[in-house]
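A short write-up of the structure that comes next.
Everything numeric in this text was worked out from a predicted model, so none of it was measured.
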Amino acid sequence: LFGHTGYRPGSPKAGQGTMKMVTFGGYLAAYGIVTYFARNLDNVLIGRVWGAEQLGYYSRAYFLMTLPMTLAAGSLASVMVPSLSALNHDRERMAQAYRKAVSAICSLGFPLVAGLAVTAPEAVRLVYGPKWAPVVPIFLWLCIAGLSQPVYATGSWLLLACGRTRDLFLCGMAVMIVLASGFAAGVKWGPIGVAFSYALTMGLLLPLPFLYFAHRVTGISLSLTLRAAAPYFLAAVTMGVLVAVCGHGLTALGADWRVSLVVKVTVGVALYLGLCWHRLSPQLNLFFPTRLRAD
């Protein structure tokens, strides 16, 4: 085989690009460790201080909060980093591709978070059963952070696509410090206190600075990215408010929780589609190719 290909194994040599790959992978691995620690410290603290029952409530609420982001970005995250990296030499095309992906994620992620928030009592009862009612207030706080996640998570795409894993690692360290401080301060109030801390840090304090840094480092306009996400955010919030008002009316009428869930979902879907259908139509090409929709 070696004689046919001309390849001869040898000792590693400097100047072959090995150190760049090791550095890139090392910082990326370190970022993964830091992120894992930061995202699981809340579970450790709640389990340590409040026990398994309260940890169960919190973990179920956290799972529901991450579900919209998983559904919205799960199919795109694995392909966007190499796609953006291939366009790294042309930042304008890279920015356009990135904003299209952000629009697609937000068009699905924002209404899912808002919809789960306004149907939280019914959704928790449907998925987990009536004994899991304490999950609801925890989940509602976490939804504040959930609204920012569709855009926040894409910031790491830009840094990875441009090979800036060191910057990504440093951002991860900063996020870990802020989260750990918030969790330590909020755990004295139980899972709700931790959820409030998570909402404050990941929903309000951290997203914009991280996105600003990622966009500035890669030379992409943050204002244009936020402009691409804003219509879906406003439509989702408007839909959530109107569905919440509808829910209060159903409660006053004494409607069964199953009826309330069906009505809320139906009204919410209709409102959201009506508010931004003209913007949603192009996103179908990303989630459902033209050929599939024609079939």
Side-chain angles (χ1 to χ4, degrees), residues 38-72 74 108-150 179 182-204 236-272:
R39 294 301 176 90
N40 287 276
L41 181 60
D42 48 354
N43 292 318
V44 173
L45 290 175
I46 293 173
R48 176 85 175 176
V49 177
W50 294 95
E53 181 180 355
Q54 296 300 316
L55 176 58
Y57 293 142
Y58 181 84
S59 64
R60 292 303 86 197
Y62 189 88
F63 170 77
L64 283 180
M65 185 272 290
T66 59
L67 186 60
M69 187 58 204
T70 302
L71 294 174
L108 184 60
F110 285 152
L112 284 176
V113 174
L116 281 173
V118 294
T119 61
E122 297 86 1
V124 168
R125 184 165 183 172
L126 176 67
V127 176
Y128 298 134
K131 294 182 179 180
W132 291 85
V135 168
V136 175
I138 302 171
F139 173 67
L140 289 176
W141 279 115
L142 291 177
C143 280
I144 297 176
L147 276 174
S148 70
Q149 295 308 292
L179 277 178
F183 292 156
V187 72
K188 65 178 67 176
W189 289 283
I192 292 181
V194 174
F196 173 79
S197 298
Y198 194 88
L200 181 63
T201 54
M202 294 301 293
L204 301 176
V237 171
T238 302
M239 177 268 290
V241 171
L242 295 177
V243 171
V245 172
C246 177
H248 283 300
L250 292 170
T251 301
L253 294 174
D256 181 75
W257 69 272
R258 299 175 187 83
V259 175
S260 295
L261 179 61
V262 172
V263 172
K264 285 182 178 180
V265 171
T266 304
V267 171
V269 170
L271 283 173
Y272 183 73

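Contact check for Pro150 versus Phe110: side-chain heavy atoms found under the 4.5 Å cut-off.
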Exercise for the section: Evaluate the side chain to side chain contact (heavy atoms under 4.5 Å, CB included) criterion for residues Leu179 and Leu41: first the C-alpha distance (whole Å), next the side-chain angles of each, then the deciding distance (0.1 Å), finally the verdict. Expected result: CA-CA 9 Å; Leu179 277 178; Leu41 181 60; over 6 Å; no
Problem - Evaluation steps, side chain to side chain contact (heavy atoms under 4.5 Å, CB included), between Tyr57 and Trp50 - result: CA-CA 11 Å; Tyr57 293 142; Trp50 294 95; over 6 Å; no
Exercise for the section: Please step through side chain to side chain contact (heavy atoms under 4.5 Å, CB included) for the pair Val263 and Leu250, ending with a clear verdict. Expected result: CA-CA 9 Å; Val263 172; Leu250 292 170; 3.8 Å; yes
Exercise for the section: Before giving the answer on side chain to side chain contact (heavy atoms under 4.5 Å, CB included), spell out for Trp141 and Val194 the whole-Å C-alpha distance, their side-chain angles and the decisive distance to 0.1 Å. Expected result: CA-CA 9 Å; Trp141 279 115; Val194 174; over 6 Å; no
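A distance of 14.0 Å separates CG in Leu242 from OH in Tyr272, rounded to the nearest 0.5 Å. Here the straight-line distance linking atom CD1 of Ile46 with atom CG of Asn43 works out to 6.5 Å at 0.5 Å rounding. Atoms NE2 and OG, on His248 and Ser260 in that order, are 11.5 Å from each other to the nearest 0.5 Å. Summarising the geometry, atom CG belonging to Leu55 is positioned 13.5 Å from atom CZ belonging to Arg48; distances are rounded to the nearest 0.5 Å. Annotation: the span from Cys143 atom SG to Leu112 atom CG amounts to 11.0 Å, rounded to 0.5 Å. Note: Arg60 CZ to Tyr128 OH = 4.5 Å, rounded to the nearest 0.5 Å.
For Ala236 against Ala114, the heavy-atom pair with the smallest separation is O-CB, 3.5 Å. Across every non-hydrogen atom of Val243 and Gly268, the tightest pair is CG2-CA, 3.6 Å. Considering every non-hydrogen atom in both Val118 and Gly240, the closest pair reads CG1-O, 3.2 Å. Annotation for Ala120 and Leu140: closest pair CB-CD2, 3.9 Å, computed over non-hydrogen atoms. The shortest non-hydrogen separation linking Gly115 to Met239 is N-CE, 4.2 Å. Contact between Phe139 and Leu64 at its shortest, heavy atoms only, is CE1-CB, 3.5 Å.
Side chain of Ser197 to main chain of Ala184: no donor-acceptor pair is present (N/O by atom type, distance under 3.5 Å, no hydrogens or angles).
Ring geometry, Phe183 versus Tyr198: the interplanar angle falls under 30°, so the pair is classed parallel (tilted spans 30 to 60°).
Residue pairs meeting the side-chain hydrogen bond (donor to acceptor under 3.5 Å, both in side chains) criterion with at least one partner in residues 114-126, sequence neighbours excluded, are Glu122-Lys264.
In this model, a donor atom of one side chain and an acceptor atom of the other lie less than 3.5 Å apart for Tyr58 and Asp42.
Exactly one residue among Val265, Thr266, Val259 makes a side-chain contact (heavy atoms from CB on, under 4.5 Å) with Val262. That residue is Thr266.
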